[in-house]
Every structure is written in C-alpha cells, then in structure tokens.
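These notes are about the structure you will find just below.
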Amino acid sequence: MRERIYAVIQKIPAGQVATYGQVAALAGIPGHARQVGYALSALAEGSPVPWHRVVNARGEISLRSGGSAADLRQRLRLEAEGVVFDAQGRIPLELFRWRPGSRIEVEKAD
DNA sequence: CCACTGACGAGTG
DNA sequence: GCACTCGCCAGTG
C-alpha cells in the first residue's frame with residue numbers, strides 16, 4: 001500500500017509540490033489523505049522518495065507530532081528547488097501545486 | 001482479533 | 001479566516 005503512495009510521490013517534479021489529498025487521489029485512493037501522511041511517517045531517511053514535496057492542503061509543511069528539525073530541512077530543500085514561502089511560512093499552492101498531465105512540467109521545453 | 005493512533009481533507013457555522 | 005466535527009483505514013501493541 002505504502003509502495004503505491006511512494007510511487008506517486010516520486011512522480012512529483014522538482015520545483016513543485018503536491019498535497020496529501022492529491023497524492024492519495026493519484027495513488028488511486030482519493031479521500032485517503034491520512035494514509036499518505038501515515039506512509040510518509042513510516043519513511044526511512046534514506047528512502048528514494050522526495051517526501052519534502054508533499055505538503056498539506058494549506059500549503060504548509062506538516063510533520064509528525066512535536067518539534068522536529070525535519071520540517072526545516074524540508075523547507076530548505078523546497079527553497080533550493082525554487083519553491084518560495086510567503087510571510088506565513090506557507091507555499092502559494094496556486095503557483096506551485098503540481099498539475100499531473102500538464103505541460104508545465106518542463107518549462108524550458110518550448 | 002480489539003482498541004488506539006496518526007505528515008489530513010472537506011464541510012459547516 | 002478560524003474552530004469544530006466526521007470520515008478514512010493501515011500500523012502497532
């Protein structure tokens with residue numbers, strides 16, 4: 001099950017982000033956003049999954065209970081890929097949300 | 001097998 | 001925009 005979720009996350013192009021619900025839908029389990037987050041919680045540090053590109057529906061970085069340095073790493077990684085955060089520490093999903101099937105995946109190709 | 005938990009989402013007031 | 005409620009179901013003890 002988690003394999004399916006990981007597979008979808010790996011399809012997220014750099015510089016863009018996807019919400020939990022979006023990943024769930026793409027994984028074939030719409031409405032099961034919790035399972036996505038749960039799957040990520042079970043991710044290993046060395047996993048080949050760009051989990052940092054997955055944010056909640058508000059465009060914020062979600063993370064496990066309590067304070068963790070993982071969220072900071074996630075933010076830095078996203079910024080390194082071109083994603084920007086507003087003054088509220090959130091990502092403008094209307095600009096960075098991944099659109100499967102869209103041609104904006106490779107902006108340089110024109 | 002039963003109960004509790006948990007990186008969430010959408011709807012309502 | 002914020003607070004509250006319900007739904008969802010795999011993992012863990």
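Predicted model only: the values in this text are computed from it and were never measured. A, B, ... follow the sequence lines: proteins, then strands. Residue 1 opens every chain.
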Would you check if [X] and [Y] make a side-chain contact, meaning some heavy-atom pair closer than 4.5 Å?
| X | Y | result |
| --- | --- | --- |
| A:H32 | A:Y38 | no |
| A:L26 | A:W98 | yes |
| A:H52 | A:L78 | yes |
| A:Q74 | A:V55 | yes |
| A:V54 | A:V49 | no |

I need the [atom1]-[atom2] distance between [X] and [N], as an integer number of Å.
| X | N | atom1 | atom2 | value |
| --- | --- | --- | --- | --- |
| A:Q88 | C:dC2 | CD | P | 8 Å |
| A:Y6 | C:dA10 | OH | P | 14 Å |
| A:I5 | B:dG6 | CD1 | P | 18 Å |
| A:I29 | B:dC8 | CD1 | C1' | 12 Å |
| A:Y20 | C:dA10 | OH | P | 19 Å |

Nearest-nucleotide wise, let me know which of A:R58 and A:G31 is further upstream toward the 5' end of DNA chain C.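 Nearer the 5' end of the strand: A:R58.
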
Ignoring hydrogens and geometry beyond distance, is the side chain of A:Q35 in donor-acceptor contact with the base of C:dC8 at under 3.5 Å? no

Looking only at N and O atoms, is any donor in the side chain of A:R34 or the base of C:dC8 less than 3.5 Å from an acceptor on the other one? yes

NZ/NE/NH1/NH2 to OD/OE distance under 4.0 Å, A:R75 and A:E79: yes

Any protein N or O atoms within reach of nucleotides 11-13 of chain C? Criterion: under 3.5 Å, listing atom names and distances.
residue, atom, partner, partner atom, Å
C:dG11, O4', A:Y38, OH, 2.7

Phosphate contact (C:dC9 OP1 or OP2) by A:H32 side-chain N/O below 4.0 Å: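 Affirmative; the distance criterion is met.
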
